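Hydrogens, waters and symmetry mates are skipped; everything else that's a heavy atom, side chains included, is used. Order of the sequence lines sets the chain letters (A, B, ...), proteins ahead of strands, with each chain counted from 1. Computed from a predicted structure; not experimentally measured.
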Number of protein chains: 2
Amino acid sequence: MPRPSVREQLVDAAMECFHQRGFNGTGIQDIARTAGVPKGSVYNHFENKEALAAEVMDRYAVSRKLEMLQDEGLAPVPRLRAHFQYLAADLERFSYERGCMFGNFGTELSNQSDMMRGEVDSRLDLWTSAVTEVLDQAREAGTLTTPLTPGQLGRFLVNAWEGAVLRAKVTRNRAPLDGFFDVFDSLLA
Amino acid sequence: MPRPSVREQLVDAAMECFHQRGFNGTGIQDIARTAGVPKGSVYNHFENKEALAAEVMDRYAVSRKLEMLQDEGLAPVPRLRAHFQYLAADLERFSYERGCMFGNFGTELSNQSDMMRGEVDSRLDLWTSAVTEVLDQAREAGTLTTPLTPGQLGRFLVNAWEGAVLRAKVTRNRAPLDGFFDVFDSLLA
DNA sequence: ACCGTCAAGACGACCGTTCATATTCTCGGG
DNA sequence: CCCGAGAATATGAACGGTCGTCTTGACGGT
């Protein structure tokens with residue numbers, strides 16, 4: 001059984017490198033150097049670069065804290081807003097440079113790896129379903145006034161968020177996220 | 001003066017390669033092979049890989065046909081919708097695999113090249129302004145009912161479009177674009 | 001002959017992965 | 001407890017290749 005800490009070091013390092021440089025812009029040597037372990041060790045823990053990226057993305061998914069969307073101590077719409085605010089705060093920690101890993105990998109890897117595209121697709125689907133579930137609750141509670149269905153809204157909001165995050169990555173400020181919240185409030189207030 | 005057709009061949013080839021594989025996933029050899037010219041010739045026409053990418057992005061920007069947004073033969077909201085429909089038809093030609101080059105390069109290059117990030121930023125800004133101008137006209141014509149300002153709407157729509165296009169790249173179908181139009185119609189009808 | 005253009009191969013570096021060797025761990029026997 | 005053997009794990013260099021860019025010589029036009 002390999003020492004767990006090397007594997008963790010690699011995942012942490014890869015998280016940072018993939019966010020900073022993307023998948024193809026990151027070399028295994030970059031990850032190894034950042035983790036402070038020899039390059040060959042990467043292959044003791046991961047079959048290949050993609051397997052490492054998939055692990056990193058799983059870790060990223062956990063950090064999105066989708067369980068927040070099930071916290072019934074908060075009403076549906078404020079709960080949903082808190083979720084996006086949480087994501088916005090995370091982006092701010094890195095000066096908006098990181099974007100969203102789902103979007104980043106989706107952009108970069110969809111034509112390169114069917115496995116990774118499928119992973120991104122699944123993750124975005126899970127997220128969309130969780131958001132839609134909250135909107136279903138809002139509709140049942142009678143607080144949704146828009147004629148759009150919870151499904152339409154849920155799908156749209158996740159995509160619009162990805163677009164706003166991408167724009168924030170380009171502008172390196174929060175204006176696109178603020179713009180998202182303006183429309184969020186308009187649609188859901 | 002070098003023959004323009006080699007340069008054009010390179011730009012066309014790079015357009016295809018960058019769309020298919022992204023910037024870092026595309027090698028100069030890929031572009032040269034696709035163009036049917038020798039690798040060394042690339043540097044007769046472009047200072048480096050980035051300069052080629054910038055030229056390709058300029059070409060891409062022209063193909064977005066923003067001038068459609070100034071066609072006063074059509075009312076503002078139908079004109080704007082036609083613009084996005086035009087973009088959607090272009091995506092369909094490539095089975096939604098290409099995404100939007102602004103978004104793709106923004107994602108991949110924002111942390112790698114300040115020059116390219118600035119180019120993407122400028123392009124997205126121009127587009128946003130053009131969209132906002134149409135919405136200003138719609139507001140003046142009294143056909144905008146949403147309390148959101150033309151500026152808020154313009155910024156949001158461009159970002160939401162980018163997010164929808166990215167999602168379509170992952171799902172490889174038009175559902176995310178259809179979802180965009182549902183909300184577009186809800187906000188602007 | 002001179003100049004500008006082009007192309008092919010070289011340059012110095014990096015790529016992801018493998019593999020032979022070194023190191024560490026585990027287990028059983030004395 | 002100690003030791004040795006074997007298994008498991010780690011390491012660093014090599015592998016076979018690609019990368020973006022540069023350089024030099026060939027070629028054609030004037």
Side-chain angles (χ1 to χ4, degrees), chain A residues 1-57 104-105 108-117 119, chain B residues 1-57 104-105 108-117 119:
Chain A
M1 180 55 107
R3 285 166 292 180
S5 68
V6 171
R7 192 173 195 275
E8 291 305 299
Q9 281 170 276
L10 285 170
V11 174
D12 289 343
M15 179 73 77
E16 191 175 324
C17 293
F18 286 143
H19 268 127
Q20 179 65 27
R21 304 155 185 258
F23 183 84
N24 288 315
T26 295
I28 294 285
Q29 182 61 276
D30 298 324
I31 295 167
R33 189 188 311 116
T34 302
V37 307
K39 191 180 175 190
S41 295
V42 177
Y43 296 90
N44 293 327
H45 301 280
F46 302 97
E47 191 184 350
N48 52 42
K49 191 178 179 186
E50 262 187 38
L52 173 55
E55 179 72 32
V56 168
M57 192 164 58
N104 297 341
F105 278 177
E108 203 181 346
L109 300 178
S110 285
N111 295 339
Q112 178 176 327
S113 162
D114 276 336
M115 187 275 280
M116 290 299 288
R117 180 168 67 86
E119 289 294 309
Chain B
M1 179 56 110
R3 284 166 293 179
S5 70
V6 171
R7 194 175 196 276
E8 292 305 299
Q9 281 172 277
L10 285 170
V11 173
D12 288 344
M15 179 74 77
E16 191 175 325
C17 292
F18 285 143
H19 268 126
Q20 180 66 24
R21 302 155 187 260
F23 183 84
N24 288 315
T26 295
I28 293 286
Q29 180 63 274
D30 297 325
I31 295 166
R33 189 187 311 118
T34 301
V37 308
K39 189 181 177 191
S41 296
V42 177
Y43 296 90
N44 293 328
H45 301 281
F46 302 98
E47 190 184 350
N48 52 40
K49 190 179 178 185
E50 263 187 36
L52 172 55
E55 178 71 33
V56 168
M57 192 165 56
N104 296 341
F105 278 178
E108 205 181 343
L109 301 178
S110 286
N111 295 339
Q112 179 175 326
S113 162
D114 276 335
M115 187 275 279
M116 291 299 289
R117 180 169 67 87
E119 288 293 309

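At a threshold of 4.0 angstrom between heavy atoms, the contacts of G27(A) are confined to the sugar-phosphate backbone, with no base atom among them.
Taking atom CD of Q29(A) as the reference point, atom C1' of dC19(D) lies 16 Å away to the nearest angstrom. When the P atom of dT9(D) is taken as reference, atom CZ of R7(A) falls 13 Å away, rounded to whole Å. For the pair L10(A) CG and dT9(D) P, the computed distance is 15 Å after rounding to whole Å. Distance, R33(B) CZ to dG20(D) P: 11 Å, rounded to whole Å. N44(A) has its CG atom 17 Å from the P atom of dG16(C), to the nearest Å. The CG atom of N24(B) sits 15 Å away from the C1' atom of dG16(C) (whole-angstrom rounding). Between the CZ atom of F46(B) and the P atom of dC6(C) there is a distance of 12 Å, rounded to whole Å. We find that NZ of K49(A) is positioned 12 Å from C1' of dT17(C), with the value rounded to whole Å.
Of the candidate nucleotides dT17(C), dT11(D), dG20(D), dT17(C) has the atom nearest to the side chain of I28(A). Among the nucleotides dT11(D), dT17(C), dA7(C), the one closest to any side-chain atom of N48(A) is dT17(C).
Judged by atom type and distance alone, K39(B) does not reach the base of dG9(C) through any side-chain donor-acceptor pair under 3.5 Å.
By the 4.5 Å heavy-atom criterion applied to side chains, I28(B) and Y43(B) are counted as neighbours. Proximity of N24(A) to Q112(A): side-chain heavy atoms (C-beta onward) are separated by under 4.5 Å at one or more points. A heavy-atom distance below 4.5 Å is found between the side chains of V11(A) and F46(A).
Among all heavy-atom pairs drawn from T34(B) and C17(B), the shortest one is OG1-SG, 3.5 Å.
Position along DNA chain C of the nearest nucleotide to G40(A) versus D30(A) favours D30(A) as the more 5'-ward residue.
A close approach under 4.0 Å does not occur between any side-chain nitrogen or oxygen of H45(A) and OP1 or OP2 of dT9(D). Under 4.0 angstrom from either OP1 or OP2 of dC22(D) there lies no side-chain N or O belonging to Y43(B). In this model, the phosphate group of dA7(C) is approached by a side-chain N or O of S41(B) to a distance below 4.0 Å at OP1 or OP2.
E108(A) places a side-chain N or O within 3.5 Å of a backbone atom of F23(A) that can act as its donor or acceptor partner.
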